Amino acid sequence: MKNNIFHLTSMAQWTIQQYLTKGDIALDATCGNGHDTLFLAQTVGENGHVFAFDIQEAACKATKSLLQENAISDNVSIFNQSHDSLLQYIPPKFHKNIVAIMFNLGYLPQSDKTVRTSAVTTCAALEQSCILLKKGGIISIAVYVGHDGGKQEMDAIQSFVKHLPTQDFAIAHLSYPYTSFPAPELYIIHKRGT
Ligand code: SAH
């Protein structure tokens with residue numbers, strides 16, 4: 001079996017892979033332990049570039065180590081900054097030129113659960129991501145509701161995507177409606193055009 005639809009993060013990566021190719025520019029808005037950053041860096045190759053953000057220094061270090069273990073260094077820029085300042089840190093020449101942006105929300109597994117993404121900063125980051133995104137590109141958002149603040153964040157994201165102009169953006173949504181526990185959901189935002 002190549003991919004499992006019930007594993008949300010691999011589903012996000014699989015979807016991104018349909019759009020992203022060698023030489024492209026990508027962004028990991030919540031790099032954590034670096035798994036998505038590594039995936040993006042390997043997908044865009046040495047002629048592409050990946051920007052990675054996390055507010056935790058430990059997460060940035062973990063991402064750097066994972067990249068080093070995989071012999072990747074030159075094509076990734078890591079920022080120990082909140083993703084609500086994406087436009088400030090990503091150089092203007094890359095604006096409107098990013099093909100894929102990944103959000104894996106919530107808290108870092110096996111870490112301080114009080115440091116987690118939140119509705120206000122996530123929506124600010126999504127707004128900036130829609131500006132940074134190249135036409136034809138996509139944003140993936142994995143959202144978790146099981147922790148404190150998760151429901152508010154989910155509601156805020158739903159409201160955000162609902163209000164995007166349909167002539168410019170298409171939205172896809174993957175959910176698991178028949179589970180007995182609060183299941184995560186995946187949103188995909190596609191910027192129309194070429
Ligand atoms: N994709 C990661 C897991 C991400 S977990 C992996 O594959 O390992 C969510 C991450 O979001 C955590 O590391 C947390 O520190 C980070 N985070 C929380 N608030 C943030 C913010 N405002 N800006 C950037 N990162 C944030």
Side-chain angles (χ1 to χ4, degrees), residues 3-4 6-17 19-20 26-44 50-70 72 75-90 94 98-133 138-157 160 174 182-189:
N3 193 46
N4 183 353
F6 289 95
H7 196 198
L8 210 69
T9 49
S10 50
M11 196 56 199
Q13 289 191 354
W14 181 84
T15 311
I16 295 277
Q17 216 152 26
Y19 289 81
L20 196 64
L27 161 64
D28 186 350
T30 52
C31 67
N33 288 322
H35 298 106
D36 288 331
T37 307
L38 175 64
F39 154 75
L40 292 170
Q42 288 172 333
T43 306
V44 301
V50 179
F51 297 99
F53 282 71
D54 204 293
I55 40 164
Q56 292 191 72
E57 198 184 350
C60 294
K61 281 189 176 155
T63 297
K64 203 171 172 189
S65 306
L66 186 69
L67 295 173
Q68 274 167 354
E69 280 164 32
N70 287 274
I72 287 173
N75 67 344
V76 181
S77 308
I78 303 173
F79 296 93
N80 183 194
Q81 297 292 341
S82 171
H83 47 214
D84 64 353
S85 51
L86 291 173
L87 283 174
Q88 190 185 330
Y89 288 97
I90 296 177
F94 296 105
I98 301 185
V99 175
I101 303 179
M102 297 187 80
F103 286 81
N104 187 7
L105 300 172
Y107 57 84
L108 192 59
Q110 280 98 46
S111 175
D112 182 357
K113 292 189 178 157
T114 61
V115 184
R116 54 179 182 250
T117 56
S118 67
V120 173
T121 42
T122 298
C123 286
L126 286 173
E127 209 162 313
Q128 294 177 35
S129 294
C130 286
I131 297 168
L132 289 164
L133 199 63
I138 62 164
I139 303 172
S140 70
I141 315 159
V143 202
Y144 306 84
V145 279
H147 58 80
D148 281 353
K151 176 79 173 72
Q152 288 96 302
E153 193 173 29
M154 178 83 83
D155 289 347
I157 289 165
F160 178 86
L174 178 71
E185 299 187 12
L186 182 68
Y187 285 86
I188 305 289
I189 301 174

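Counting convention: from 1, in listed order, for ligands and their atoms alike. Computed from a prediction, not measured in an experiment: that's the story for all the values here.
Short contacts between ligand 1 and G106, defined as distances under 4.0 Å to a heavy atom of the residue, involve ligand atoms 9 (C). Which parts of ligand 1 touch G34 is read off a 4.0 Å heavy-atom cut-off, strictly below it: atoms 8 (O). Here is the list of ligand 1 atoms found below 4.0 Å of a heavy atom in T30: 1 (N), 2 (C), 4 (C), 10 (C), 11 (O). Which parts of ligand 1 touch T117 is read off a 4.0 Å heavy-atom cut-off, strictly below it: atoms 11 (O), 17 (N), 18 (C), 19 (N). Ligand-side atoms of ligand 1 in range of D36: 1 (N), 7 (O), range being under 4.0 angstrom from any heavy atom. Ligand-side atoms of ligand 1 in range of Y107: 5 (S), range being under 4.0 angstrom from any heavy atom.
Under a 4.0 angstrom heavy-atom cut-off, C31 registers as being in contact with ligand 1. Under a 4.0 Å heavy-atom criterion, A29 is in contact with ligand 1.
When atom types are taken as modelled, the side chain of D28 and the backbone of T30 share a donor-acceptor pair closer than 3.5 angstrom.
Interatomic distance, Q88 CD to L86 CG, rounded to the nearest 0.5 Å: 10.0 Å. In this structure, CG on L108 lies 13.5 Å from CZ on R116, to the nearest 0.5 angstrom.
Between F79 and Y89, the angle of the ring planes lies from 30° to 60°, which puts this pair in the tilted group. Between F94 and F51, the ring-plane angle classifies as perpendicular under the 30° and 60° cut-offs.
In plain terms, the two heavy atoms of V145 and A183 that are nearest each other are CG2-O, 3.6 Å. When every heavy atom of L133 is checked against every heavy atom of V99, the shortest pair comes out as CD1-O, 3.9 Å. When every heavy atom of N80 is checked against every heavy atom of Q56, the shortest pair comes out as ND2-C, 3.6 Å.
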Apply side-chain hydrogen bond (donor to acceptor under 3.5 Å, both in side chains) to the pair Q13 and D36, showing each step before the final yes or no.
-> CA-CA 8 Å; Q13 289 191 354; D36 288 331; 2.9 Å; yes
Going through the checks in order, is the side-chain hydrogen bond (donor to acceptor under 3.5 Å, both in side chains) test met by S118 and E153?
-> CA-CA 6 Å; S118 67; E153 193 173 29; over 6 Å; no
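Closest to atom 21 (C) of ligand 1, if we only count protein heavy atoms, is H83 NE2, 3.4 Å. The protein heavy atom nearest to atom 3 (C) of ligand 1 is N104 ND2, 3.6 Å. Scanning the protein for heavy atoms near atom 12 (C) of ligand 1, the closest one is D54 OD2, 3.5 Å. Regarding atom 19 (N) of ligand 1, its nearest protein heavy-atom neighbour is I55 CD1, 3.3 Å.
Considering backbone and side-chain N/O atoms, S82 comes within less than 3.5 Å of an N/O atom of ligand 1. Distances between N or O atoms of N33 and those of ligand 1 include at least one value under 3.5 Å.
The part of R116 lying near ligand 1 is the backbone, judged by heavy-atom distances below 4.0 Å.
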